[in-house]
Each structure stands twice: as structure tokens, then as C-alpha cells.
Amino acid sequence: MREKKKKSSEKNTKFVGETLAFMLKTAAKEKPSLFFCYLGLFLAELAMNLKNILIPKFLIDELLLVINGAPVESHLHTIIVCALLLVGIDFVATGCKNIAESIKNTLGEWFNQYFAVMLSEHAMGMDYEHTENPQALDQLNKAKEGISWYSGGVVGILDYFYQIVLNVTIFVSVAAIILVKCPLIFPVQIVALLFDSFYNAKINKKEEENFLKLAKINRMFGYVLYRLVSFEYGKDIRLYNSSGLMAQKADAYTEDTTNIWKDGAIAGEKNLLKMDVVNCLRAGISYFYIGFLAVAKKISIGDFSMCISASASLYSSLNRMIDCGMEIRKRCNYAYQFLLFLEYPRAMQTGEKKVSGGEHVIEFSDVSFRYPRSEKYVLRHINLTIHSGEHLSIVGLNGAGKTTFIKLLCRLYAVTEGKIYIDGVDIMEYSEEEYRKLFAVVFQDFKLFAFTLRENITLGDWDFSEEEIARVLKLSGFYEDAGKLEKGLDTMIYKSFDEKGTELSGGQQQKVAISRALYRNAPIVILDEPTAALDPVAEYDIYRKFNSLVGGKTAIYISHRLSSCKFCDHIAVFAEDTIKEYGTHEELVHKKDGIYAQMFFTQAKHYIDIA
């Protein structure tokens, strides 16, 4: 049991130390002016605290001397100085505090944006496998919420670190007064503090437990909530009248969230009530003791005022130190989820090799694959060689593994068994950046961004060529449509950020996606259902220009429309988790009882019947 507690304590110390060090290092590197804000706050708050303890004592003692008959002129100067100090310190310290707080809050917002960008960049750079991993998605949500409103980020954590430094200084200052004037106050404050800290620790523990419970619920609630207001899903929600289903799910997640918060609030109220009782007893005993010393004339009335203020400051500083320590631990625990996400382990290990220029030969050698967290194989014993400049068509029924084959080739997933080679080198030995340059891909579920048309095609190529953009738009058949747009290539896609943006049809979007792939000018072109949203005329135009589209590049073409396979050198037929047939269109279409032949003539029959 002791060993378990020891390990837990070491773990707590580790994440607090790592997170605090990360926050301090980040602040020092990015915005060192933040520390000057804290210095200004420290001097202002320390001056105001000591002013409230010390100056009233001298002012009261001087006034009492005058009241008791002492000559006014002998004490007037001290009374005026004390009064001016009370007003002056308040004025200067409050002004400094307000300025420092304002700058600090501005820097806090800057750091919030800084971490949001860091989180996004890391999420975009993670292995693709993690984007379909519920655990990784939950960790992303913990990181996003933990670094923002749960922990408060850099300022949210450093505020409490600063408070500890401030209150240690105040404690040392007032402790000297207490030890000289009313030493028995110390044990009263310490005992009360122990009880207070115990109940506060229970509140913090419950809040941390709730944070971990809420991570998944918040992600699921956010999914439903955003779909309710997303234009992308507007047609389906309305036509299928599914708003009720969405609202029902949102209500269910809301109820789960409410129950967790309710449970935490009930536990918190019970402990807060106990803390109030302890605090009342502490204050009552302290006031009685100091009052007794004043009545017994062991301290002056000024000392009485000073001791009352010092007693309150002593307990307050001790309490704040403990509370801030607990709060730092809690907030560091939240923010630590961000650090864990930044260190999320790679799903695939990659090498450093560069891809050679010239021709590229792709080889699948006895490749089998099953998705992570699944026992079922999607592909088994795939053996296939694609020579440079070859045009390969991949066909098969839905779920046959065609898109998975492409994901493996693009190294979005690592194979479970076997190897994939390019130019005789295991693809895992290539550097990720170098390897990605080999491919220009249009996936079936491609996405356009709410950027300009030009940006959707060039995607970050700042040295873009207008001539090249025009060329690929002509090849994809979107050139004339682009010319009709009010701002041409500078037209925003969608109306998300620009009311004059354009809502492209599905076919037009597909043409833009094809243009994007062609613009990249990669040696290997992959088209996954590139004509699915096109009308028959536009589809025929794509087929007719197929050789112009891909030229002498290696091309892999996935399609359910088998007439397109005529444009390819070879066809691979996927079925039952493997490649069942392989050959040219002429070879496969005449294969007796062949899968391809059956699929081809089934499709052709519809057109023949119509004719």
C-alpha cells in the first residue's frame, strides 16, 4: 500500500514539475514581458498588504495619544504622513496593478492562440492512423480542453505560482509580528489550515475525476452539436427530419454532463460547509485571544489592530499557499494532457532515405493488413508490381479493400504483414516528407477548404504558376466555370467566411480536386472514384483526356464504372480480401465465369436494355 502511494506521489510530482517547467520555459522564450507584469503585481500587492497591517497601528496609536491629552502639534506630522501613505500607496499600487493585469490578460490570450496553433499543427502532423483511433481523439479533446479553460494555459498556471511566491513573502513578513505580539495564534492557524486543506483536497480530487469523465462526453456532444449547425449536413437533416434524433442525442449527452457536474457540486458543497465551520472557529478563537491581550493591556490598541490584520494575513497567506499548491497540481494535471498529446507515440516508424529521381517501380510483396484494434484482415497476400508509367485500374465491390490498398501505398497505415517496395526499397525506409512527394491523390471523400479557388489548387505553393493553374483547370474541365466566377481564382469556396463565396456542385468540386492533384505534378497519380459526381458528358470527357491528364506518369485508377478500365494497361480485381483477377481489359472481359466479366456485362446490360 505504501509503495502504491509512493508511486502515486512521484507521478504527481513528475507531471507538476514537467508542466510547470514547460509553462515557465514557454513564457520566457515567447513573451518574457509576462514576468515583468508579475513583478509589478508582486510589488503592488505586497505594498498594499503591509500597508493595511502596519500603517493603521501607527495612526491609531498617534490618535489615541492626542485623544488622551498629548499635544496635537507633536503628533500631527505623523498622523498626516500615515494618512497620505494610506491614500498614496493605494493609488499607486492600484494603478500599477491594473496596468499589469491588463497586459497580463492580453498576453494570456496570446498564449491561448499560441497553444491552439501548436495543438492544430501537431494534430495535422500525427500519423493518419490516430485520426481514426478513439483513444487518440479522446486525448486530443483532453489536450484541447486541458490547455485552455480547465487550466487557463500559461497565465492560468503561473498566476497560482506567482500567488505562492507572494504569499510566502507575506507569511514571512507577518510571522515576525505574530511571534512577538501574539505567539499562540500560530497553532490555532496551523490546525485550522490542516482541516481546511484536507477538505479542499477532496474537492480538487473530485474535479479532476470529473475532467477525465467529461473528455469523451464533450467530444461526442460537440460532434452532435456541430452537425446540427453545419451546412454540410443541412440537406440530410432536413430531408430525413433527423433534427429530433440530433437533439435527442444532444439532450442525452447534456444529461450525462449535468449529472457529473451535479455529483461534483454536491460533494463540493459538503466540503465547503465544513471549511466554513473551521474558519469560523479559527476566527473566533483568534479574536478572543487578541482581544484578551488588549484588555489585559499587554498590547496597545494599535497593536490590537495590527495583530488582528496580521492574524488574518497569516492565515490567508498560509491558506493561499496550500490552495495555490493544490490548484497548481490540479491545473498542471489538466495541462499535462496537452504535453501527453504532444508526445503521443507514432504509429509508424519512418526512415531518412531520399527518393531517387527518374522511374519508379511499385511492388507489393505478400502484403496483408488489418486495421488497428481489429482482428479481421481487410487484405490478404497481395502481390502486385506496378511499373513506371503503367496505368492500373482497380475494381471490385464495396468493401473489397480498394481504398485500403491506396492508404497502404500512401503510407497512411503500415502493413500488418509483408512489404511494399518502391525502387526495391522498403517504403518505411524513406523519409515521410520525401515519400509524400511521390503521390498526387484524389480520394473518394476528398475535401475542399473554405479558401480561395487558387489556394484550393496550389495548397501552400507560394511560387504558384498561373499558367500551370490554367492548364490543369482545362484538363479537369473546370476552366470555363472558373472564368465565370465573379473573382475568378480569388473566389472563396463556400460562404463560411465570405458571403460572396461560391457553393460548387459536387461535380465541380470533383473537378477542382482533380485539378489540385494534377497541379502537384507528382510522378504517381492516384484517382479514387474521380468521376463519381460527374455527369455522363463530363465523365466521358475525363476518360477521353485520360492520357493527357496523367501523361506518362504512373496512374492508379479506382472506379466502379468498368468502361473506364479500357483506358488502363492492366486491371486488378479485388474480391474476398485479395486480388482475384489481374490482366488487361480484353483478357478479363473474355474470361469465362470471371468476376470482372460478370461485373462488366451486368453494367453493360443496363445500357443495352435502354438502347
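Heads up: numbering here begins at 1 and tracks the sequence. Any value given below was found using the heavy atoms of this structure, including those in side chains, with hydrogens, waters and symmetry copies removed.
- Rounding to the nearest 0.5 Å places CZ of Phe22 at 6.0 Å from CD1 of Ile147.
- Residue Leu140 holds its CG atom at 5.5 Å from CG of Leu119, rounded to the nearest 0.5 Å.
- Tyr494 places a side-chain heavy atom less than 4.5 Å from the side chain of Glu503.
- Across all their heavy atoms, Phe341 and Ala136 have their closest contact at CE1-O, 4.2 Å.
- Counting heavy-atom neighbours within 6.0 Å of Phe161 CZ, excluding the residue itself, gives a total of 12 or less.
- Atom CG in Leu448 sits 9.5 Å away from atom CD1 in Ile457 (nearest 0.5 Å).
- Here Thr106 contributes atom OG1 and Leu34 contributes atom CG; the two are 11.0 Å apart, rounded to the nearest 0.5 Å.
- The CD atom of Glu327 lies 10.0 Å from the SG atom of Cys332; values are rounded to the nearest 0.5 Å.
- Note: Phe449 and Phe451 have parallel aromatic rings, judged against thresholds of 30 and 60 degrees for the angle between ring planes.
- With a 6.0 Å radius and a threshold of 12 heavy atoms from other residues, nucleotides or ligands, Lys97 has its NZ atom at or below the threshold.
- For CZ of Phe35, the number of neighbouring non-hydrogen atoms (other residues, nucleotides, ligands) closer than 6.0 Å is greater than 12.
- Ile53 contributes atom CD1, which lies 7.5 Å from atom CD1 of Ile170 (distance to the nearest 0.5 angstrom).
- Donor-acceptor pairing under 3.5 Å is recorded for the side chains of Asp159 and Tyr38.
- Atom CD of Glu30 has more than 12 heavy atoms from other residues, nucleotides or ligands within 6.0 Å.
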